[in-house]
**Q** 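Okay, handing you the structure first.
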Protein chains: 2
Amino acid sequence: MALEHAILVSLLEQPGSGYELARRFERSIGYFWTASHQQIYRVLARMEADGRLLVREVEQQGRPDKKEYSVAGPGRAALAEWLHKPIEPESLRHDLAVKIRGAAFDDPAALVREVERHRQAHHERLAHYLAGEARDFTGPEAPAPLDPGQELQHVVLRGGIAYERMTIAWLDDVLDTLHRLAGPRPGPAA
Amino acid sequence: MALEHAILVSLLEQPGSGYELARRFERSIGYFWTASHQQIYRVLARMEADGRLLVREVEQQGRPDKKEYSVAGPGRAALAEWLHKPIEPESLRHDLAVKIRGAAFDDPAALVREVERHRQAHHERLAHYLAGEARDFTGPEAPAPLDPGQELQHVVLRGGIAYERMTIAWLDDVLDTLHRLAGPRPGPAA
DNA sequence: CAGGCCATGTAACTGGTTACATGATTAG
DNA sequence: CTAATCATGTAACCAGTTACATGGCCTG
């Protein structure tokens, strides 16, 4: 149930509406957790009903009104409790790896394009993360001595960067392997 | 719905019972997908009802009878269709990263033990993967020229190894960061 | 005789995805 | 006029987790 906790962390960093949270989940929080707006609204409603969040209706001009959520005492307590409770190290879940193994029962060469597409997507994510890192942490615009919250955000982002780099390198390995299997094909003209 | 496809791949590699599949999901397939026996039995029943799998009751001596599943024509067709259809590159979901960012609102030092525990778990997984690699692919017992299926299994395993190594390095980075934040603590005796 | 492995399942619940639904404002 | 952005939600479905349930065989 980490979505609740991710929301608590995000709202502690900065109160905001469901819509704003959904956008954050596409950016910074999305480095390590994703959620759709539908899911977010549902969970926000439940958390407010449970007394973990406070809502404030904010009128805006030129835009729809919004509900600004912030963390209530019990919410903060729930987060603290979770932080002190050990969690299971999680395992990978990678559809593409299923496909790669499945290629043995199909044409391996047919997978090249798909793998290249994924490589491209990870490359774009990496560029996006690096831009964010320069903007918020290492660039000339960034605050010189980072506060603890920023240091922690930075180390999480470094994890995202390391993940994308590793994945790109692995997909190159996969492409090499697929080419090797397709190149010297066992045909009659071998 | 990649569990169905993972099951199809595994049964194409080798027919087997639900119990055997559950064990494979703890080993080789578990490099990139996990599933509990409950889930597997449920999905197997559905796939058989849909005509994607065949069952054969196998009597055994000294053990309970088992149902051996194998892939039927429509199952193979369903796999082929999925293999040719693009899928979305997936994003990370990492609870521990939520905790790390949450530590800004708690005591960062209190997280050290938890991170060390995770580091340890990933270290063990890495050792397990490396042992499997030596046994099946690179060691003296391994078949000299690997067939395409084995090449593909190997490249997926290399992905798991790269992931574990990357994660361990990142967790070291996280530990450094936590120590830096806790070390020069902003107390009255600073 | 206790514990672990082999083997199969049901039931209830929780979390996540997809599809549907509405409606105002602003920029091109 | 059209598309994008802001803003909030409901409903149905699918996937995954947790708890419960059974029972024989083998090893120590």
Side-chain angles (χ1 to χ4, degrees), chain A residues 1-8 15-27 29-30 32-50 53 55-69 78 82 87-95 98, chain B residues 1-8 15-27 29-30 32-50 53 55-69 82 85 87-95 98:
Chain A
M1 219 190 332
L3 176 55
E4 278 204 24
H5 303 117
I7 286 175
L8 287 169
S17 67
Y19 187 84
E20 280 159 3
L21 279 171
R23 308 211 63 219
R24 289 185 213 169
F25 274 91
E26 284 171 6
R27 324 177 98 256
I29 329 245
F32 53 87
W33 204 266
T34 51
S36 60
H37 69 109
Q38 292 94 329
Q39 214 187 330
I40 289 167
Y41 285 122
R42 205 208 298 156
V43 173
L44 282 174
R46 187 181 67 212
M47 289 172 78
E48 200 239 315
D50 291 350
L53 298 181
V55 207
R56 194 169 63 94
E57 285 271 344
V58 178
E59 287 175 45
Q60 299 183 113
Q61 65 249 69
R63 306 179 184 195
D65 295 353
K66 66 173 179 177
K67 297 183 184 173
E68 195 185 70
Y69 289 91
W82 178 70
I87 53 174
E88 281 301 300
E90 51 216 297
S91 354
L92 274 179
R93 263 230 179 156
H94 213 310
D95 292 68
V98 180
Chain B
M1 221 189 330
L3 177 56
E4 279 203 25
H5 303 118
I7 286 175
L8 287 170
S17 68
Y19 187 84
E20 280 160 2
L21 278 171
R23 307 212 64 220
R24 290 185 211 168
F25 274 93
E26 284 170 7
R27 322 178 96 257
I29 329 246
F32 53 87
W33 204 267
T34 51
S36 60
H37 70 109
Q38 292 94 329
Q39 214 186 332
I40 288 167
Y41 285 121
R42 205 206 298 154
V43 172
L44 282 175
R46 189 180 64 212
M47 289 171 79
E48 199 239 315
D50 292 350
L53 299 181
V55 207
R56 195 168 62 94
E57 284 272 343
V58 178
E59 284 174 47
Q60 299 183 112
Q61 64 250 68
R63 307 178 182 195
D65 295 351
K66 65 174 181 179
K67 297 184 184 172
E68 195 185 71
Y69 290 91
W82 178 70
K85 214 172 54 188
I87 54 174
E88 282 300 301
E90 52 217 295
S91 354
L92 276 180
R93 270 241 170 145
H94 213 308
D95 291 68
V98 180

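Just so it is clear, the structure is predicted and the values come from calculations on it, not from any experiment. Lettering of chains follows the sequences in order, A, B, ..., and the numbering in each one begins at 1. The basis for the numbers below is simple: all heavy atoms, side chains too, and nothing from hydrogens, waters or symmetry mates.
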**Q** Hey, what do you get for NE2 (B:H94) to CH2 (A:W33), rounding to the nearest 0.5 Å?
**A**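 These two atoms lie 10.0 Å from each other.
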**Q** Under a 4.5 Å cut-off applied to non-hydrogen side-chain atoms, are B:W82 and B:L8 in contact?
**A** no
**Q** For a quick check, with a 4.0 angstrom heavy-atom cut-off, what is the B/S/- contact string for nucleotides 23-28 of chain C, read 5' to 3'?
**A** B-SS--
**Q** For the atom pair CG (A:D95) and NE2 (B:H5), what is the distance rounded to the nearest 0.5 Å?
**A**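 The CG atom of A:D95 sits 9.5 Å away from the NE2 atom of B:H5.
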**Q** Whole-Å distance between C:dC6 C1' and B:I40 CD1?
**A** 15 Å
**Q** Would you please confirm or rule out a distance under 4.0 Å between OP1 or OP2 of D:dT8 and any side-chain N or O of A:Y19?
**A**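 It does not, given that no N or O in the side chain of A:Y19 lies less than 4.0 Å from OP1 or OP2 of D:dT8.
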**Q** What is the distance from atom OH of B:Y19 to atom OH of B:Y41, rounded to the nearest 0.5 Å?
**A**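 B:Y19 atom OH to B:Y41 atom OH measures 8.0 Å (nearest 0.5 Å).
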**Q** Using a cut-off of strictly less than 4.0 Å, decide whether B:Y41 has a side-chain nitrogen or oxygen near OP1 or OP2 of C:dG9.
**A**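 For B:Y41, the contact criterion (side-chain N or O under 4.0 Å from OP1 or OP2 of C:dG9) is not met.
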**Q** Tell me: CD of B:Q60 to P of D:dC26, nearest whole Å?
**A** 12 Å
**Q** Tell me: CZ of A:R56 to P of D:dT8, nearest whole Å?
**A**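 These atoms are roughly 13 Å apart.
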**Q** Can you tell me how far the CG atom of B:L92 sits from the CD atom of B:E90, to the nearest 0.5 Å?
**A**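 B:L92 CG to B:E90 CD: 9.5 Å, rounded to 0.5 Å.
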**Q** I need the B:I40 CD1 to B:L3 CG distance, nearest 0.5 Å.
**A**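 Going from CD1 on B:I40 over to CG on B:L3, the span is 6.5 Å.
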**Q** I'd like to compare against my own output: the B/S/- annotation of nucleotides 12-19 of chain D with a strict under-4.0 Å heavy-atom distance to protein.
**A** ---SBBBB
**Q** Closer than 3.5 angstrom, by distance alone: can the side chain of B:E48 be matched with the main-chain N or O of B:A45 as a donor-acceptor pair?
**A** no
**Q** Check A:K67, A:K66, A:R63 against A:E20 for a salt bridge (charged side-chain N to carboxylate O under 4.0 Å, His left out) and give me the one that passes.
**A**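 Going through A:K67, A:K66, A:R63 one by one, the salt bridge (charged side-chain N to carboxylate O under 4.0 Å, His left out) with A:E20 is satisfied by A:K66 alone.
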**Q** Which angle, to the nearest 10 degrees, lies between the helix axes at the two ends of the helix from C:dC1-D:dG28 to C:dG28-D:dC1, each defined by five pairs?
**A** 40°
**Q** Take atom CG of B:L21 and atom P of C:dC6, then tell me their distance rounded to the nearest Å.
**A** 14 Å
**Q** Rounded to the nearest 0.5 Å, what's the gap from CE on A:M47 to CG on A:L53? Could you check?
**A**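 Answer rounded to 0.5 Å: 4.5 Å.
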**Q** Please state how far atom CD in B:E68 lies from atom P in C:dA7, giving the value in whole angstrom units.
**A** 11 Å
**Q** Crowded around B:E59 CD? As in, over 12 foreign heavy atoms under 6.0 Å?
**A** no
**Q** Separation of B:R23 atom CZ from C:dC6 atom C1', in whole Å?
**A** 9 Å
**Q** Measure CD/A:E20 against P/D:dT5 and give the value in whole Å, please.
**A**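 From A:E20 CD to D:dT5 P: 16 Å.
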**Q** Separation of B:L44 atom CG from C:dG9 atom C1', in whole Å?
**A**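 Checked: the CG to C1' distance equals 12 Å.
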**Q** Does a side-chain N or O from B:S17 land closer than 4.0 Å to OP1 or OP2 of C:dC6, or not?
**A** no
**Q** What pair of heavy atoms forms the shortest contact from B:H37 to B:A22, and how long is it?
**A**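 Where B:H37 meets B:A22 most closely, the heavy atoms are CB-CB, 4.0 Å.
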